[in-house]
Amino acid sequence: MIEARGLTKLFHHKKRGQIRAVDNVDFRCEPGRIFGLLGVNGAGKTTCLRLLATILGPTSGTASVNGFDIVAAPEKVRASIGFLSTATALYGRLTAFEVVEYFGRLHGMADSVLHPRIDALFQALAMNEFRDRRCDRLSTGMKQKTSIARTLVHDPPVMIFDEPTLGLDVLTARTVLGFIRECGQRGKTVIFSTHVMSEVEKLCDSIAIIHGGRILAEGDLAQLRARTGVESLEDIFIRVVEEHA
Ligand SMILES: Nc1ncnc2c1ncn2[C@@H]1O[C@H](COP(=O)(O)OP(=O)(O)OP(=O)(O)O)[C@@H](O)[C@H]1O
Ligand SMILES: [Mg+2]
């Protein structure tokens, strides 16, 4: 479970002044459900997820992740999550398998647990074809899958994905989204950010529209349709953003 309460992050720019990157945000992501954070470039998605992952500290407000407060118990939060950022790095000289194995060992996993887990991940993400290829020879999509596997190797209860399909082709994106759906079905708490409406429409049990750091609307697709009177998520999105302009 993730619960944000009044979560706020301000940045100070010399030229732009004070920026409310995340502005008094409240939401709940329940286990077994996929929560989508939908917003345009600069809306505050990454900042919000970095707060949840305790990479940044909030200016005010807080959130609990898997029962732990991000301010009071950040190390407990970090042990409960897998966080895929858009800057997740791989070691070029290691193979896909070796990278995932390395991170599993960092998490203290015994080989008897780790190796079946790696097999399951490589199967679910269709990675076996490049299992023993060095990371610096992988394509964008292969790298992204490897990053996802290394992020989730310890099978954390809470999974946080920042734009997991960025730069992926339709087939690879479909594999990744299918994998995220399965994580939800296995009872994980899943939050992911995107600006792609169709992904959210297909995958999310709960949707939050974030704009200018604020959550302007939240609910499932039926609730958002009822609220706006329009059908497609794109129309819903535009209507909600225009209402607040
Ligand atoms: N480390 C930082 N220092 C200063 N300002 C920042 C920092 N990180 C983000 N911002 C600002 O906060 C706002 C929200 O940025 P954020 O990266 O969270 O948006 P985003 O929704 O992830 O956008 P994108 O879709 O482009 O990834 C932007 O105005 C951005 O310039
Ligand atoms: Mg971002």
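Order of appearance sets the numbers: ligands from 1, and atoms from 1 within every ligand. All residue numbers in this chain count up from 1 along the given sequence. As the structure is a prediction and not an experimental result, all values here were calculated from the model.
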Please report the shortest heavy-atom distance between K143 and C135, naming the atom on each side.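 Scanning both residues completely, I find the closest heavy atoms to be CE-O, 3.3 Å.
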Top protein contact for [atom], by heavy-atom distance:
{"atom": "atom 4 (C) of ligand 1", "value": "H13 NE2, 3.2 Å"}
{"atom": "atom 15 (O) of ligand 1", "value": "T47 OG1, 3.8 Å"}
{"atom": "atom 11 (C) of ligand 1", "value": "F11 CD1, 4.0 Å"}
{"atom": "atom 12 (O) of ligand 1", "value": "A21 CB, 3.3 Å"}
{"atom": "atom 26 (O) of ligand 1", "value": "N41 ND2, 3.2 Å"}
{"atom": "atom 29 (O) of ligand 1", "value": "R16 NH2, 2.7 Å"}
{"atom": "atom 22 (O) of ligand 1", "value": "T46 OG1, 2.7 Å"}

For ligand 1 and [X], I'd like to know whether there is a polar contact (N/O to N/O, distance under 3.5 Å).
{"X": "R50", "result": "no"}
{"X": "G44", "result": "yes"}
{"X": "G42", "result": "yes"}

Under 4.0 angstrom from ligand 1, any heavy atom of V40?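 Right, V40 reaches ligand 1.
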Closer than 4.0 angstrom: is that true for some heavy atom of H12 and an atom of ligand 1?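 It does not, in that no heavy atom of H12 comes within the 4.0 Å cut-off of ligand 1.
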Counting heavy atoms only, which of H211, K45, E163 is nearest atom 20 (P) of ligand 1?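 Ranked by closest heavy atom to atom 20 (P) of ligand 1, first place is K45.
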Assess the side chains of D162 and S193: does a donor N or O sit below 3.5 Å from an acceptor N or O?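 Present: a donor and an acceptor within the cut-off.
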Decide whether T172 and Q144 meet the rule of one side-chain donor and one side-chain acceptor closer than 3.5 Å.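 Side-chain D/A pair, T172 to Q144: absent.
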Report the C-alpha separation of K145 and E129 in whole Å, then their side-chain angles, then the decisive distance to 0.1 Å, and conclude whether the salt bridge (charged side-chain N to carboxylate O under 4.0 Å, His left out) test is met. CA-CA 12 Å; K145 288 175 170 182; E129 166 212 342; over 6 Å; no
For A43, atoms of ligand 1 separated by under 4.0 Å from a heavy atom: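 Taking each heavy atom of A43 in turn, ligand 1 has 19 (O), 20 (P), 21 (O) under 4.0 Å.
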Determine whether I2 and F27 make a side-chain contact, defined as any pair of heavy atoms from C-beta on separated by less than 4.5 Å.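 Of all side-chain heavy-atom pairs linking F27 with I2, at least one is under 4.5 Å.
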When you compare the side chain of M142 with that of R133, does any pair of heavy atoms fall below 4.5 Å?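 Result yes, sub-4.5 Å side-chain heavy-atom pair found.
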Metal site the Mg ion (ligand 2): N/O/S of T46 inside 2.8 Å: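 Short answer: yes, at least one N, O or S atom is under the cut-off.
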In terms of heavy-atom contacts, does [atom1] of [X] have more than 12 from other residues, nucleotides or ligands at under 6.0 Å?
{"X": "Q18", "atom1": "CD", "result": "yes"}
{"X": "Y102", "atom1": "OH", "result": "no"}
{"X": "R5", "atom1": "CZ", "result": "yes"}

E101/R105 salt bridge by N-O under 4.0 Å criterion: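 Salt bridge between R105 and E101, a charged N being under 4.0 Å from a carboxylate O: yes.
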How does H195 reach ligand 1, if at all, at less than 4.0 Å between non-hydrogen atoms: by side chain, backbone, both, or neither?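 Near ligand 1, H195 shows nothing, with every heavy atom at 4.0 Å or more.
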Give the contacting part of R20 toward ligand 1: side chain, backbone, both or neither, where contact means a heavy-atom distance below 4.0 Å.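 Within the 4.0 Å criterion, R20 makes no contact with ligand 1.
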Does the salt bridge (charged side-chain N to carboxylate O under 4.0 Å, His left out) test come out yes or no for R225 and D235, once each step is laid out? CA-CA 9 Å; R225 282 178 177 143; D235 289 340; over 6 Å; no
